[in-house]
Amino acid sequence: MAKDKKQVEQITDMEVDFTKWYTDVCKKAELIDYSSVKGLMILRPYGYAIWENIMGELDRRFKATGHQNVSMPMLIPESLLQKEKDHVEGFAPECAWVTFGGTEELEERLCIRPTSETLFCEHWHNIVHSWRDLPLLYNQWCSVLRWEKTTRPFLRHREFLWQEGHTLHATAEEAIAETEQQLETYADFCENILAMPVIRGCKTDKEKFAGAERTYTIECMMHDRKALQSGTSHYFGDGFCKAFDITFADKDNKQINPHQTSWGVSTRIIGGIIMTHGDNNGLVLPPKIAPIQVVVLPIAQHKEGVIEKATELVARLEALGLRVKGDFSDNSPGWKFAEYEMKGVPLRVEIGPKDIEENHCVAVSRVSGEKTIVSLDDLETKIPELLNDVQNGLFNKAKQNLEEHSYSATSLDATRQLVEENGGFVKTMWCGDEACEIAMKERAGVTSRCIPFQQEHIGDVCPVCGKPAKTMVIWGVAY
RNA sequence: CCGGGUGUGGCGCAGUUGGUAGCGCGCUUGACUGGGGGUCAAGAGGCCGCAUGUUCAAGUCAUGUCACUCGGACCA
């Protein structure tokens, strides 16, 4: 088999048109479909199965760190939304409103939640009284609505699924620790489950969340070398609590405003998985998140004993706790090969009469296309090993992409040139002045992705204004 | 939100000066096949995105609208 031969004709090559490739994958892998309202998407069973696995992994981690799930209302009265000034300014332009109940116009219009900080705050105002009530570690899985102008599958929906964690703490230190802990949860999840290497850091004031005092982010590099913010956590200080009059009596019986955080990951990250690991044959899924980890394909299944043997393989692999599918439909083997490649199944196991005779099967990696003859006696040890190879291979490939396309620069012109020629991330020093950040956007075409935790010393001055530099910033073109 | 493009069976497309819709793939049934998208045969499936208008007559012309898409602006 020619490994680099293109086998799936329906998908546009990513080198030809990356955007088209991306939407082709979303549709042909049956992840998503359009509905009749712009930006409101249908997550098909296979796409939703990926989200279910993401939810499972994250939810387990949240609960392990003491968080509880809740369900808040979907509608926010306008007066409630307006209590925190920066927040409403940030979100008002993209709110959708409910103005009628039945046939009667409402006295106060209701916003369909774009995020739920205000709802949590209103509730907390009622239930928080004492230092004994803190901390409150809440999370909810829900959908939110933001009236975006440009929409794209997974990357920018108007309605999207996410989790939003909201917590309340007695002290700033504790809240900041929570914010950092949750970012680390996201980073660990991205790297170890989704095989997506991340850069951890803070957003600049210009890029931070509306109403937040500090916004943390993990940034990933996509195959086209653009940046995708894959998870974010916010430290709010006590700003919302003051606006919503949330106070508690501390041990000295003083009334104090608590400190607040929020953090979220959305279905957007599925777009990240697609653009990090996918190739010209379609989707490629890391085994740890794949709805189907191994597909077992019988060859010449009408021949005696083939279906029985294949069924047995499915059962043996399932007994290992793997997510396995046997495809016994009457499509041709070639059709099935292409189908499961398009859907990104990490490992394919072929079993036919010749294999049965020789007591082995053939395992084929989705990433390398490499065929491995596996003795049926070694099935239980060999298949998990091969899956592990795929998982690690994907991470290393993505890491290589990130490292090969990360540059340093000491001038604005050099930054522009690097990004124009190669895309990717450029590290420079920065004075901290928003004017210089805007200049980078206008003259080099990049926005600040983050101020990474891992700082490097690239120079002493800001490349834009020449004043003394405060920090190193990573710049890039973002989704 | 501004500018360009596109909406015709499930998917991809054709449809001339307006005259009552066609092709490929897929789908259904059967047989033969089966280690990279098989072969043959017989079938089913369409208010031409939606609305209004012009006309004896609209997929085709006009206006509006909705969606998709590519740029740009906007966006945690």
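By convention in this document, chain letters (A, B, ...) are assigned in the order of the sequence lines, proteins followed by strands, and residues within each chain are numbered from 1.
- Within the 4.0 angstrom heavy-atom criterion, base atoms lie near A:His302.
- Residue A:Gly231 is out of contact with every strand shown, counting any heavy-atom pair closer than 4.0 Å.
- A:Tyr22 and A:Asp17 share no side-chain donor-acceptor pair at under 3.5 Å.
- Base pairing analysis places B:G12 opposite B:C23; the two distances defining the Watson-Crick or G-U wobble pair are each below 3.5 Å.
- Within the 4.0 angstrom heavy-atom criterion, only backbone atoms of the sugar-phosphate kind lie near A:Glu94; the bases stay farther away.
- Comment: A:Arg109 engages A:Glu78 in a salt bridge, judged by a side-chain N to carboxylate O separation of less than 4.0 angstrom.
- Here A:Thr115 lies out of heavy-atom contact (under 4.0 Å) with every strand.
- Nearest-nucleotide assignment on RNA chain B puts the 5′-proximal partner with A:Val37, out of A:Phe91 and A:Val37.
- Using a 4.0 Å cut-off, some side-chain N or O of A:Tyr34 falls inside it from OP1 or OP2 of B:U69.
- A:Lys38 has its NZ atom 7 Å from the P atom of B:U69, to the nearest Å.
- Note on A:Gln301: a base of the nucleic acid sits closer than 4.0 angstrom, heavy atoms only.
- Not a single donor-acceptor pair, N or O on each side, falls under 3.5 Å between the base of B:A76 and the side chain of A:Arg268.
- Nucleotide B:G71 has B:C2 as its partner under the Watson-Crick or G-U criteria, with both atom distances under 3.5 Å.
- As rounded to the nearest Å, B:G10 and B:G46 have C1' atoms that lie 12 Å from one another.
- A:Trp263 comes within contact range of no nucleotide atom at all, as no heavy-atom separation falls under 4.0 Å.
- Here B:C32 presents its C1' atom at 13 Å from CG of A:Asp330, a figure rounded to the nearest Å.
- Heavy-atom nearest nucleotides on RNA chain B were determined for A:Gln229 and for A:Ala300, and the one closer to the 5' end corresponds to A:Ala300.
- Rounded to a whole angstrom, the distance from the C1' atom of B:G45 to that of B:C11 is 14 Å.
- A cation-pi arrangement is found for A:Arg146 relative to A:Trp162, the charged atom lying closer than 6.0 Å to the ring centre and inside a 45° cone about the ring normal.
- At the heavy-atom level, A:Phe337 lies under 4.0 Å from base atoms of the strands shown.
- Between the side chain of A:Arg348 and the base of B:G35 there is no donor-acceptor pair of N/O atoms closer than 3.5 Å.
- Within the 4.0 angstrom heavy-atom criterion, base atoms lie near A:Lys149.
- Using Watson-Crick or G-U wobble geometry with both donor-acceptor distances under 3.5 Å, B:C40 finds its partner in B:G30.
- For the pair A:Ile451 CD1 and B:A76 P, the interatomic distance rounds to 17 Å; values are reported in whole Å.
- At a cut-off of 3.5 angstrom, counting only N and O atoms as typed in the model, there is no donor on one side facing an acceptor on the other between the side-chain of A:Thr217 and the base of B:A76.
- Nearest nucleotide to the side chain of A:Thr150, out of B:C1, B:A76, B:U69: B:C1.
- Listed nucleotides: B:C75, B:G34, B:G36. Nearest to the side chain of A:Ile299: B:G34.
- When the P atom is compared between B:A42 and B:C25, the two are found 14 Å apart, to the nearest whole Å.
- With respect to A:Asn139, the side-chain hydrogen bond (donor to acceptor under 3.5 Å, both in side chains) criterion is satisfied by exactly one of A:His67, A:His166, A:Gln182, A:Gln163: A:Gln163.
- Taking atom P on both nucleotides, B:G22 is separated from B:C56 by 27 Å, rounded to a whole Å.
- Both tests pass for A:Arg348 against the ring of A:Phe337: distance under 6.0 Å to the centre and angle within 45° of the axis.
- When the P atom is compared between B:G49 and B:G12, the two are found 14 Å apart, to the nearest whole Å.
- Separating the C1' atom of B:G9 from that of B:C47 is a span of 13 Å, rounded to the nearest Å.
- Contact annotation: side chain of A:Arg146 to base of B:C75, donor-acceptor pair absent below 3.5 Å.
- Residue A:Phe160 places its side chain closer to B:A76 than to any other of B:G38, B:A76, B:G35.
- Separating the CD1 atom of A:Ile42 from the P atom of B:G10 is a distance of 15 Å, rounded to the nearest angstrom.
- The distance between the ring centers of A:Tyr216 and A:Tyr235 does not fall below 6.0 angstrom.
- In this structure, B:A51 forms a base pair with B:U63, meeting either the Watson-Crick or the G-U wobble geometry with both donor-acceptor distances under 3.5 Å.
- One interatomic measurement links the two molecules: CD1 of A:Ile438 to C1' of B:C74, which rounds to 15 Å at whole-angstrom precision.
- Comparing B:U16 with B:A21, their P atoms sit 15 Å apart, to the nearest whole Å.
- Counting to the nearest Å, the P atom of B:C68 and the OH atom of A:Tyr22 are 14 Å from each other.
- At whole-Å resolution of the value, CZ in A:Arg214 and C1' in B:A76 are 16 Å apart.
- Rounded to the nearest Å, the gap between the P atom of B:A58 and that of B:A67 is 28 Å.
- Atom CD1 in A:Ile32 sits roughly 10 Å away from atom P in B:U69 (whole-Å rounding).
- OP1 or OP2 of B:G35 has not a single side-chain nitrogen or oxygen of A:Lys354 nearer than 4.0 Å.
- Residues A:Asp355 and A:Glu350 come closest through the heavy atom pair OD2-O, 3.9 Å.
- Residue A:Glu148 has its side chain nearest to B:C75 when only B:G37, B:C75, B:C70 are considered.
- Salt-bridge formation is detected for the pair A:Lys242/A:Asp238: a Lys NZ or Arg NE/NH1/NH2 atom is positioned less than 4.0 Å from an Asp or Glu carboxylate oxygen.
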